[in-house]
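Taking it in order: structure first as structure tokens, then the write-up.
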Amino acid sequence: MKTLAQMATEVLTTADGREKTALSHRYAALWFASRAGGAAPIEVGTASPPLRPARPDKPELLAPRDVPRRRPGTPQGRLALLHAVAHIELNAVDLHWDIIARFSDTRLPLGFFDDWVKSANEESKHFNLVCDRLEALGSYYGAMPAHAGMWRAAEDTVDDLLGRLAVVPMVLEARGLDVTPGMIGIFEKAGDTESVEALKVIYAEEVHHVAYGSKWFHFLCGRHDLDPKEVFHSLVRKHFHGALKPPFNEEKRAEAGIPPDFYWPLAEETPIKERL
């Protein structure tokens, strides 16, 4: 029987998006069957995950400034928006399996691994939902260039679990809570009810992923007698490149356990590069 960390590493080293998410679903089901006592116990174990996950040949990955901008009010613009969401979701699958594999040697309750397996499983569903919409509209994931910098947060926090929790779920995924309502509005205006439904599923479940980040961030701060707000500010300044961008979805952020005094002070700062 493979350990959970070995399973996570196998997902990370699978390149094709559909194959990666199928494996993710399979291993999540095995883990939860084991946890429910309906299968042989699975150990968390340890592993040596790759610094970067395997990726398909397409999409071409470009620097953020080089990714073409398209008007969201046009059919091509809406396809580009869905393609960007698919790319985000595939990265999220890897981010959640990576936190399992990379920090499996840290002393943590099994509930930590439950939360991130559940998140990885949901992100796999999100990727497939958006890919299904792309294909129904005559496109596919890989048809357009995509953002090359999305794995940077993982590389910057490769040996810092608190930093990973601060930057990935509590900054990057929280940003999704801010922008998804606007995306839903774009597809509602276009009468694309299937894409609206897919985005609503993503929106509802992303709140939980941000909440898991906040929960385990506070847990680890409590373990080490650290002030969560001060540590969050310090780690985001260290690992996140730039200021946080308002407007913020304060209601959903609060639902996920992130109060305004965590993020507003970081939004008020000028990015370091602009100071030089």
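Only this structure's heavy atoms are used, side chains among them; waters, hydrogens and symmetry mates stay out. Quick caveat: nothing in here was measured; it's all calculated off a predicted structure.
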Derivation and outcome, salt bridge (Lys or Arg N to Asp or Glu O under 4.0 Å), residues Asp114 and Arg35: CA-CA 9 Å; Asp114 288 341; Arg35 294 283 284 132; 2.8 Å; yes
Show your working on salt bridge (Lys or Arg N to Asp or Glu O under 4.0 Å) between Asp132 and Arg18 and close with a plain yes or no. CA-CA 11 Å; Asp132 289 346; Arg18 294 285 197 176; 2.9 Å; yes
Applying side-chain contact (heavy atoms from CB on, under 4.5 Å), run through Thr157 and Leu165 and close with a yes or a no. CA-CA 9 Å; Thr157 58; Leu165 292 168; over 6 Å; no
Applying side-chain contact (heavy atoms from CB on, under 4.5 Å), run through Met144 and Gln76 and close with a yes or a no. CA-CA 11 Å; Met144 305 176 193; Gln76 190 64 21; 3.6 Å; yes
Please assess Lys125 against Leu129 for the test side-chain contact (heavy atoms from CB on, under 4.5 Å), listing each intermediate value before the final yes or no. CA-CA 6 Å; Lys125 175 177 68 178; Leu129 281 172; 4.2 Å; yes
Run Leu137 and Arg78 through side-chain contact (heavy atoms from CB on, under 4.5 Å) and show every step you take. CA-CA 10 Å; Leu137 294 168; Arg78 290 189 293 275; over 6 Å; no
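His147 and Asn91 form no side-chain donor-acceptor contact under 3.5 Å, judged by distance and modelled atom types alone. Residues Glu206 and His209 bring a donor and an acceptor atom of their side chains to less than 3.5 Å of each other. Inspection of the Glu205 and His208 side chains reveals no N or O donor paired with an N or O acceptor under 3.5 Å.
Rounded to the nearest 0.5 angstrom, Arg52 CZ and Asp94 CG are separated by 13.0 Å. Put simply, CD1 on Ile186 and CG on Leu199 are 9.5 Å apart, with the number rounded to the nearest 0.5 Å. Atom CH2 of residue Trp151 and atom CG of residue Leu51 lie 9.0 Å apart, to the nearest 0.5 angstrom. Distance check, rounded to the nearest 0.5 Å: CG of Asn249 to CZ of Arg175 gives 10.5 Å. Rounded to the nearest 0.5 Å, atoms OH (Tyr212) and CD (Glu173) are 11.0 Å apart. One distance of note links CG of Leu110 with CH2 of Trp31; it measures 5.0 Å at 0.5 Å rounding.
Within 6.0 Å of the CZ atom in Arg71, the count of heavy atoms belonging to other residues, nucleotides or ligands does not exceed 12. When the shell of 6.0 Å around CD of Glu155 is examined, it contains more than 12 heavy atoms from other residues, nucleotides or ligands. For Glu135, the CD atom sits in a packed shell: over 12 heavy atoms of surrounding residues, nucleotides or ligands are nearer than 6.0 Å.
Nearest heavy atoms, Lys20 versus Thr14: NZ-O, 2.7 Å. Minimum heavy-atom separation, Pro265 to His233: CG-CE1, 3.9 Å. Counting all heavy atoms, side chain and backbone alike, Leu95 lies closest to Arg164 at O-NH1, 4.3 Å. Heavy atoms only, all atoms of each residue included: Thr3 and Val44 are closest at CB-O, 3.6 Å. In this structure, Leu172 and Ala153 approach most closely via the heavy-atom pair CD1-CB, 3.8 Å. Considering every non-hydrogen atom in both Leu4 and Ile42, the closest pair reads N-CG2, 3.7 Å.
Side-chain atoms of Leu108 and Leu161, non-hydrogen and from C-beta on, do get closer than 4.5 Å to each other. Side-chain contact between Val167 and Asp156 is absent, with no heavy atoms from C-beta onward closer than 4.5 Å. The shortest side-chain heavy-atom distance between Phe262 and Val236 does not fall under the 4.5 Å cut-off. Two residues are said to be in side-chain contact when any heavy atoms from C-beta on lie closer than 4.5 Å; Ser48 and Thr9 fail this criterion. For the pair Glu230/Leu226, no side-chain contact is recorded, criterion being any heavy-atom separation below 4.5 Å from C-beta on. With contacts defined as side-chain heavy-atom distances shorter than 4.5 Å, the pair Pro50/Thr13 qualifies.
A centroid separation of 6.0 Å or more is found between the aromatic rings of Phe112 and Phe219.
Relative orientation of the Trp264 and Phe248 rings is perpendicular, given thresholds of 30° and 60° on the angle between their planes. Classification of the Trp116-His96 ring pair by plane angle, with boundaries at 30° and 60°, yields parallel.
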What side-chain donor-acceptor pairs closer than 3.5 Å can you find for residues 56-68, not counting sequence neighbours?
none

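In summary, of the residues considered (Lys245, Lys252, Arg253), a side-chain hydrogen bond (donor to acceptor under 3.5 Å, both in side chains) with Asp178 occurs for Arg253 alone.
Residues Val201 and Ile184 do not share a hydrophobic cluster, defined by chaining ILVMFWY side chains whose heavy atoms lie under 4.5 Å apart.
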